[in-house]
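Scroll down for the structure; my scribbles are underneath it.
These values consider heavy atoms only, across backbone and side chains, with no hydrogens, waters or symmetry-generated copies.
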Amino acid sequence: MLFSRTLIPTLKETPSEAEAVSHKLLLRAGMIRKLASGIYNYLPLGLKVLRKVERIVREEMDRSGALEVLLPAVQPSELWEESGRWDVYGKELLRFMDRHERQYCFGPTHEEIITDLVRKEVHSYRQMPLNLYQIQVKFRDEIRPRFGLIRGREFIMKDAYSFDVDEAGAEACYQRMYDAYNRIFARCGLNFKVVEADSGPIGGSFSHEFMVLADTGEDLLASCTACDYAANLEKAEVVLQAGKPGAAVGKAPEPLLTPNVRTVEEVAAFLKVTPADIVKTLIYETDTGPVAILIRGDHEVNEIKVKNLLGVTDLILAGLIRVQELTGAEVGFAGPVGLKLPIYADQAVAGLAAMITGANRDNYHLKNVHPGRDFKITEAADLRSITAQDPCPRCGGALTLLRGIEVGHIFKLGLKYSKALRATYLDQDGKEQLIYMGCYGIGVSRIVAAAIEQGHDDHGIVFPMALAPFQVCLIPIAVNDPVVWECVERLHAELEAQGVEVLLDDRDERPGVKFKDCDLLGLPLRVVVGAKTLAQDAAEVRHRSSPNNLMVPLKDLIPYLKGQIAQELHG
RNA sequence: CGGGACGUGGCUCAGCCUGGUAGAGCACAGCGUUCGGGACGCUGGGGUCGGAGGUUCAAAUCCUCUCGUCCCGACCA
């Protein structure tokens, strides 16, 4: 490919709209352009990278026995009403009407569509196991699109759905996908980690996320340094530590004047105690009414865990006025004693014998509060987020907290959708049975961004060989030197003939411009040919990730490049 | 949706406070000189200053409303 014949509009300056590294570099490298918030054009170079990811995904999905299909992006509301998600999914679901005023949505995911297809076409145990996948555009009207391709509203996703006759079959399929995903992300050259995850509103019982490790990641994960346990922070279970023996039961709660002292830190400093001696009372609004959550002062509430315990979808911290209505005191002085709300306590709180809490009275706290005697805990459970100080829930080892970008997520769905949409088959005995389902997603366009978050330096992108839009960048010094030009033209033709993806920078630009662009684009192998190198019958080769140049004789150049490429693609 | 910032040629920004001829650098076109890490000179094209109202003799600048974008929090591939 000739540079002058393609469209690679590189930018010297970063557009002001970009914050994340991958977003900046994708724009500067002329790979994407924004059309609207969270909606991007893919230019030729960006599309090439996207296609590379797609190809790897496709090859590994095919290899795992999955079958590719293509489902519509526009979906009628009826199926969503049947699954019950039309009302539940919320504003993220982009809804619209056709000319007949029929309701549709732009698919954010395809459980309904695929289940509908399968219930119509699959009727016998003989037709399973079955795993159908597609690579397609999704639309989710995200509250806040950000970081370019990392959280777009329109994005490319690979979604697969498996259908099995029983749970054992479903688990086998889950395992096949688990293995396929590991191969996919490894082939993409990504440094990633598999973590246990919350299954969220898609539902189901069990799930793993595949996280690309990057400091800019939006997700936090806890990883054990001793065993292979790793989990999303939302999910990681906290093991209850044996608490210190509290003060003896018996002393009655005692009010303490704490004028204008509200936060845990302020109260701890004022009363000369540690945050762990204090219990904070958080008032939340839920679908089923307000609740109070008790959490130790040095801990953070995990809203996912609370949602799962309560079985609610909405969980919002109550506003200032609402807190006053419910507790009779300003924010900062809420406490469980006398509170007429369901009280859910973190397990660490339930074990405390004498705690300091708000008094539900302005400027007062209570000490010697004893759960059971002074107030009733509706339910105690693990409601807080794990910290780096907690032990591994599996082996007791030390944990580290890492940041990651979620690029894949696999779920065991069980019978949720087959039940809602009546997807059944006849077993060997001629009895009607529900189909066991699983679903498996990969953020294809997000991988492009994640690879850049992980592979870049001050000069631009550093692509892994498997994702680079071109494997080789061929740079002639002085295109109007006929000897040089004849040489690069021949190399270009020969490399292309041998299946090497090569970009020949034929622009009449100074060498510095070409070097800068080549670095910016992240092309792995740079080959420079000029009068100086030709004097030695050689070309200069430099790897994008290395500062060293290597003179390679022209006669050895093509085998050398092919060897490098093969080595990096296949390890 | 709550909190913050910003909309001026394709890109980065100045001008706005204190109203009075729309600017710079980069990019683009032409010519010339250059040619191993984003060259230089000359010439040239391109902007209803996000949009709508208002105040004023006069608005990029002041006021009101709107639309859009980005950043921080609740969603997710």
Side-chain angles (χ1 to χ4, degrees), chain A residues 9-20 23 27-28 30 33-39 53 57 89-93 108-109 135-160 181 197-202 209-212 218-219 232 234 284-285 303-304 307 313-317 319-320 404-411 439-450 459-460 475-481 484 507-520 526 528-533 540 542 547 549:
Chain A
T10 58
L11 302 171
K12 280 189 199 175
E13 288 175 288
T14 305
S16 54
E17 70 195 38
E19 185 71 16
H23 190 194
L27 289 167
R28 284 195 54 210
R33 288 292 184 261
K34 186 182 70 183
L35 180 63
S37 179
I39 301 179
V53 177
V57 169
Y89 211 96
K91 289 186 179 170
E92 256 178 65
L93 186 63
T109 177
I135 295 174
Q136 195 229 24
V137 173
K138 297 279 189 282
F139 192 94
R140 296 183 187 174
D141 200 355
E142 295 280 351
I143 300 162
R144 183 146 98 83
R146 56 178 145 177
F147 304 150
L149 296 189
I150 290 182
R151 179 170 303 281
R153 291 194 294 171
E154 187 177 299
F155 61 100
I156 312 289
M157 179 170 165
K158 188 284 303 177
D159 47 328
Y181 274 39
D198 185 75
S199 49
I202 294 190
E209 287 168 339
F210 292 75
M211 296 284 190
V212 168
E218 293 180 276
D219 285 282
N232 194 307
E234 294 173 344
Y284 278 94
E285 297 279 8
E303 296 189 354
I304 302 283
K307 278 187 189 179
T313 53
D314 290 337
L315 185 77
I316 301 161
L317 262 178
L320 302 179
I405 301 166
E406 182 187 352
V407 290
H409 200 163
I410 58 179
F411 300 84
C439 76
Y440 317 92
I442 289 182
V444 174
S445 43
R446 183 180 278 180
I447 286 177
V448 175
H459 302 287
I475 298 181
I477 302 296
V479 286
N480 37 28
D481 178 333
V484 170
R507 296 174 298 171
D508 185 11
E509 289 285 356
R510 296 161 67 87
V513 174
K514 298 184 183 188
F515 295 151
K516 289 284 186 193
D517 273 344
C518 181
D519 287 347
L520 178 59
R526 187 183 83 186
V528 176
V529 175
K532 274 191 227 166
T533 71
E540 175 194 282
R542 180 183 211 166
N549 294 333

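- Look at the C1' atom in both B:A22 and B:A5: the space between them is 25 Å, to the nearest Å.
- B:A60 and B:G9: their C1' atoms are spaced 14 Å apart (whole Å).
- In the set B:A77, B:C70, B:G37, B:C70 carries the atom at the smallest distance from any side-chain atom of A:E17.
- Contact annotation for A:K307: backbone-only contact, meaning every heavy-atom pair under 4.0 Å involves sugar-phosphate atoms and none involves a base.
- Annotation: of the two residues near RNA chain B, A:A18 and A:F155, the 5′-most nearest-nucleotide partner is A:A18.
- B:C65 and B:G51 make up a base pair, with Watson-Crick or G-U wobble contacts both under 3.5 Å.
- Across all strands shown, B:A24 pairs with B:U12; the Watson-Crick or G-U wobble distances both stay below 3.5 Å.
- Between A:R542 atom CZ and B:G37 atom P there is a gap of 11 Å when expressed in whole angstrom units.
- Not a single salt bridge (charged side-chain N to carboxylate O under 4.0 Å, His left out) links A:R542 to another residue, sequence neighbours left out.
- Between B:C63 and B:G4, the two C1' atoms lie 23 Å apart (nearest whole Å).
- For B:G73 and B:A27, the P atoms lie 37 Å apart once the distance is rounded to whole Å.
- B:A77 and B:C40 have their C1' atoms separated by 50 Å, given to the nearest Å.
- Side-chain proximity of A:R144 to B:C71, B:G38, B:A77: nearest is B:C71.
- Regarding contacts with the backbone of B:C11, every side-chain N or O of A:S16 stays at 4.0 angstrom or more from both OP1 and OP2.
- Contact annotation for A:K514: no contact, since no heavy-atom pair falls under 4.0 Å across all strands.
- If you check B:C71, B:G37, B:A77 against the side chain of A:R146, the one that comes closest is B:C71.
- Taking atom CD1 of residue A:I143 and atom C1' of nucleotide B:C71, one finds them 16 Å apart after rounding to whole Å.
- Looking at heavy-atom distances under 4.0 Å, A:D219 makes contact with a base.
- Distance from the side chain of A:R151 is smallest to B:C76 among B:G38, B:C76, B:U69.
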For residues 442-450 of chain A, run the donor-acceptor check on the side chains, cut-off 3.5 Å, and write out each pair with its distance to 0.1 Å, sequence neighbours left out.
| residue | atom | partner | partner atom | Å |
| --- | --- | --- | --- | --- |
| A:S445 | OG | A:I156 | N | 3.0 |
| A:R446 | NE | A:I150 | O | 2.8 |
| A:R446 | NH1 | A:E406 | O | 2.6 |
| A:R446 | NH2 | A:I150 | O | 3.1 |

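- Partners of A:K516 by side chain to side chain donor-acceptor pair (under 3.5 Å), not counting sequence neighbours: none found.
- Distances from the side chain of A:F411 to the nucleotides B:U69, B:A77, B:A74 place B:A77 closest.
- The nearest heavy atom of RNA chain B to A:R28 and to A:E303 marks one nucleotide each, and the one closer to the 5' end goes with A:R28.
- B:C76 atom P lies 18 Å from atom CD1 of A:I150, rounded to whole Å.
- Using a 4.0 Å heavy-atom cutoff across all strands shown, A:Y181 reaches no nucleic acid atom at all.
- As a whole-Å value, the separation of A:L11 CG from B:C13 C1' is 15 Å.
- With rounding to whole Å, A:I475 atom CD1 is found 13 Å from B:G38 atom P.
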N/O to N/O distances under 3.5 Å, protein versus nucleotides 29-36 of chain B:
| residue | atom | partner | partner atom | Å |
| --- | --- | --- | --- | --- |
| B:U34 | O2 | A:R510 | NH1 | 2.8 |
| B:G36 | N1 | A:E540 | OE1 | 3.3 |
| B:G36 | N2 | A:E540 | OE1 | 2.6 |
| B:G36 | N2 | A:E540 | OE2 | 2.7 |

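- By the salt bridge (charged side-chain N to carboxylate O under 4.0 Å, His left out) test, A:E234 is found to be paired with no residue, residues two or more places apart in sequence or in another chain being considered.
- Within the nucleic acid shown, A:V513 comes within 4.0 Å of at least one base atom, counting heavy atoms only.
- We find that CD of A:E19 is positioned 13 Å from C1' of B:G4, with the value rounded to whole Å.
- Side-chain proximity of A:H459 to the nucleotides B:U12, B:G37, B:A39 is greatest for B:G37.
- Residue contacts for A:G460: at a heavy-atom cut-off of 4.0 Å it reaches no nucleic acid atom on any strand shown.
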Could you run down the sub-3.5 Å N/O contacts of the protein with nucleotides 24-26 of chain B?
| residue | atom | partner | partner atom | Å |
| --- | --- | --- | --- | --- |
| B:G25 | N2 | A:E13 | OE1 | 3.1 |
| B:C26 | O3' | A:K12 | NZ | 3.3 |

